[in-house]
Protein chains: 2
Amino acid sequence: MSDHTAAMPHRPRRHVLADEVYETVKTLVMDHVVRPGARISIDGLARELDVSPTPVREALARLESEGLASKEPLRGYRATPLLSRRELDELYEFRQLIEPWAARRAAEKIDRHTAAELRAEMASAVAPKGTDYRDYRALAAHDARFHSLLARLSGNDQVRIAFERTHCHLHIFRLYFASDIGFEAVTEHRTIAEAIIRGAPDAAEEAMSTHLDNSRTQRLHTVYRDSS
Amino acid sequence: MSDHTAAMPHRPRRHVLADEVYETVKTLVMDHVVRPGARISIDGLARELDVSPTPVREALARLESEGLASKEPLRGYRATPLLSRRELDELYEFRQLIEPWAARRAAEKIDRHTAAELRAEMASAVAPKGTDYRDYRALAAHDARFHSLLARLSGNDQVRIAFERTHCHLHIFRLYFASDIGFEAVTEHRTIAEAIIRGAPDAAEEAMSTHLDNSRTQRLHTVYRDSS
DNA sequence: TCGCCGTGAATCCTATAGGATCTACGATAA
DNA sequence: TTATCGTAGATCCTATAGGATTCACGGCGA
């Protein structure tokens, strides 16, 4: 956020093990190294990461309250199961309430500085060369950053926080895992970004709504083609 | 939630200290026993509650990720400051995106069973006799339950969770602290509930929108009358 | 008077130990 | 074969100890 001010952070961002463990476990869950629904042993994880159980407990408590793990007292933690089709649809319904509105607001408030931010993010969305995992992961990271940026550019921080707390991109990434679809999103992002930059609220709102609907129906629903 | 099924819970809800500490601290923060912005010492709290620091750390990690406390590494936790006027307005803007929609959906989906739930909740909203703290707290509890219930009756659990995670009623309660305003809300709740029960989506949506706007402008804004 | 510095106490962070509870698995009985 | 029971091991939960860092405060110099 304010890290670009200078190369001299007044507080060198102190090192705490719990934060590292948190990030590590989050990545493990995201990449299916810890499979959906699998147990996450406190002592086992502590041995694996070569730390004591205390910071592990702290990290898992955070993950649980964010909905990435679930806890049963005296029985331990589990990685959250994958989103069901119903949960996915509900999640997109929520996003439809929030994000088109955010895109509209961003277009209304656009200025020289925020436009530059938006252009920079779009420039980072490199066209993937193949269909390998690293490309998919990079694209997913851009997708997450793009939507977070728009939530921020809406100017309403409470909305941004509520959106971030869904961790929707993490959940969707887990669904898509080992899949090679979804690259069309960048084109739709460009449409949204252009509408915002030229200050067109109606176009921005509609483009976002369309984008979400395409993402849900044309891309994600294929995941459930022969199941629930 | 499902506690009314029988007097024989298969898992007797095991006892974990971290959960108790969590609830205790949450109450302390809500009631200004721990003042907004005040430090929350891990070891100090452990001594006070006569438990070890380990469960305290777990409870505070949860509270931080829920936005009720903030942490600076190696420096400790603090209770979140009161909502600024700007944050309050942004929070209500968020609620306007979610709750009128939820009220509409609830009206569309209403049935015999959910109508009974709604009536039961309205019956619990006893008219306060005086302006003392206990009455205020009971009213605030009803307010929180009412809005949570509507979020649930929308049928979209992701929306409900996103709403719950704002902890808006806890934050508002802290603002209102030692205040005696806000009893008009029950009347507006009744209007909303009646619209939902008679299956009138438009009326329900509008009543909720009006209710939120009244709450914000006529009641809450008086808190900031001579400050930011 | 004001600001800087050093020391002691308090606090945070991590690791470890041990009791409580749960899980896995094999033995016994129907 | 199937179900029940009991034991061993693993895991969770809590408490405690000690090193690392920060905070509080009094002394020193300008």
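Letters A, B, ... mirror the listed sequences (proteins, then strands); counts begin at 1.
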Participant: Applying salt bridge (Lys or Arg N to Asp or Glu O under 4.0 Å), can you list everything that pairs with A:Glu64, at least two apart in sequence or on another chain?
Facilitator: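 Residues passing salt bridge (Lys or Arg N to Asp or Glu O under 4.0 Å) with A:Glu64: none at all.
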Participant: Dump every N/O contact between nucleotides 14-17 of chain C and the protein below 3.5 Å, one line per pair.
Facilitator:
from   : atom 1 : to      : atom 2 : distance (Å)
C:dT14 : OP1    : A:Leu17 : N      : 2.4
C:dA15 : OP2    : A:Ser52 : N      : 2.5
C:dA15 : OP2    : A:Ser52 : OG     : 3.0
C:dA15 : N7     : A:Thr54 : OG1    : 3.2

Participant: Side chains of residues 32-50 of chain B: which donor-acceptor pairs under 3.5 Å do they make with residues two or more places apart or in other chains?
Facilitator:
from    : atom 1 : to       : atom 2 : distance (Å)
B:His32 : NE2    : B:Arg174 : O      : 2.9
B:Arg39 : NH2    : B:Arg75  : O      : 2.9
B:Ser41 : OG     : B:Gly44  : N      : 2.9

Participant: Evaluate A:Arg86 against A:Glu90 for salt bridge (Lys or Arg N to Asp or Glu O under 4.0 Å), listing each step before the verdict.
Facilitator: CA-CA 6 Å; A:Arg86 171 171 183 158; A:Glu90 290 181 357; 2.8 Å; yes
Participant: Quickly work out the B:Leu60 CG to C:dC12 P distance and round it to whole Å.
Facilitator: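 One finds 9 Å between P of C:dC12 and CG of B:Leu60, rounded.
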Participant: Just one of A:Val16, A:Val21, A:Leu17 clears the side-chain contact (heavy atoms from CB on, under 4.5 Å) bar with A:Asp19, so which one?
Facilitator: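 Of A:Val16, A:Val21, A:Leu17, side-chain contact (heavy atoms from CB on, under 4.5 Å) with A:Asp19 is met by A:Val16 alone.
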Participant: Whole-Å distance between C:dT11 P and B:Lys71 NZ?
Facilitator: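 After rounding, the gap between these two atoms is 17 Å.
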Participant: My understanding is that only residues two or more places apart in sequence, or in another chain, count here; which of them pass side chain to side chain contact (heavy atoms under 4.5 Å, CB included) with B:Ala115?
Facilitator: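 For B:Ala115 the side chain to side chain contact (heavy atoms under 4.5 Å, CB included) partners, ignoring immediate neighbours, are B:Ile110, B:Arg119, B:Ile197.
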Participant: Thinking salt bridges, do B:Asp157 and B:Arg160 make one under a 4.0 Å N-O criterion?
Facilitator: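 The answer is yes: the pair qualifies as a salt bridge.
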Participant: Measure all distances between protein nitrogen or oxygen atoms and nitrogen or oxygen atoms of nucleotides 18-20 of chain C, and list the pairs falling under 3.5 Å.
Facilitator:
none

Participant: Check salt bridge (Lys or Arg N to Asp or Glu O under 4.0 Å) between B:Asp143 and all other residues, then give those that pass, not counting sequence neighbours.
Facilitator: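 B:Asp143 satisfies salt bridge (Lys or Arg N to Asp or Glu O under 4.0 Å) with no other residue.
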Participant: For D:dT11, take OP1 and OP2 only and decide whether either is under 4.0 Å from a side-chain N or O of A:Arg75.
Facilitator: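 No, no such contact exists.
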Participant: Taking only nitrogen or oxygen atoms into account, show me every contact under 3.5 Å that the protein makes with nucleotides 6-10 of chain D, one pair per line with its distance.
Facilitator:
none

Participant: May I ask you to decide if the ring planes of B:His221 and B:Tyr224 are parallel, tilted or perpendicular, using 30° and 60° as cut-offs?
Facilitator: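 Ring orientation, 0 to 90° scale: perpendicular.
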Participant: Can you pull the ring pair (Phe, Tyr, Trp, His ring centres under 6.0 Å) pairs that have at least one residue in residues 38-85 of chain B, sequence neighbours excluded?
Facilitator: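 Every pair satisfying ring pair (Phe, Tyr, Trp, His ring centres under 6.0 Å) with a residue in residues 38-85 of chain B: there are none.
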Participant: Could you pull out all residues at least two apart from B:His211 that satisfy ring pair (Phe, Tyr, Trp, His ring centres under 6.0 Å)?
Facilitator: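 With neighbours one apart ignored, the set is B:His147, B:His189.
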Participant: Verify whether one side chain among A:Tyr22 and A:Glu66 offers a donor that lies under 3.5 Å from an acceptor in the other.
Facilitator: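 Result is yes, a qualifying pair exists.
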Participant: Using the test salt bridge (Lys or Arg N to Asp or Glu O under 4.0 Å), find all partners of A:Glu117 that sit at least two apart in sequence or belong to another chain.
Facilitator: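 With sequence neighbours excluded, A:Glu117 shows a salt bridge (Lys or Arg N to Asp or Glu O under 4.0 Å) to A:Arg152, given in chain and number order.
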Participant: Restricting to salt bridge (Lys or Arg N to Asp or Glu O under 4.0 Å), what partner residues turn up for B:Arg105, sequence neighbours left out?
Facilitator: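 B:Arg105: salt bridge (Lys or Arg N to Asp or Glu O under 4.0 Å) contacts with A:Glu93, B:Glu108.
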Participant: Give, ordered by number, those residues of residues 34-42 of chain B having at least one heavy-atom distance below 4.0 Å to an atom of DNA chain C; if nothing qualifies, reply none.
Facilitator: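 Result for residues 34-42 of chain B: B:Arg39, B:Ile40, B:Ser41, B:Ile42, sorted by number.
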Participant: Provide, to the nearest angstrom, the distance between the CG atom belonging to B:Asp19 and the P atom belonging to D:dC12.
Facilitator: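 After rounding, the reported distance stands at 15 Å.
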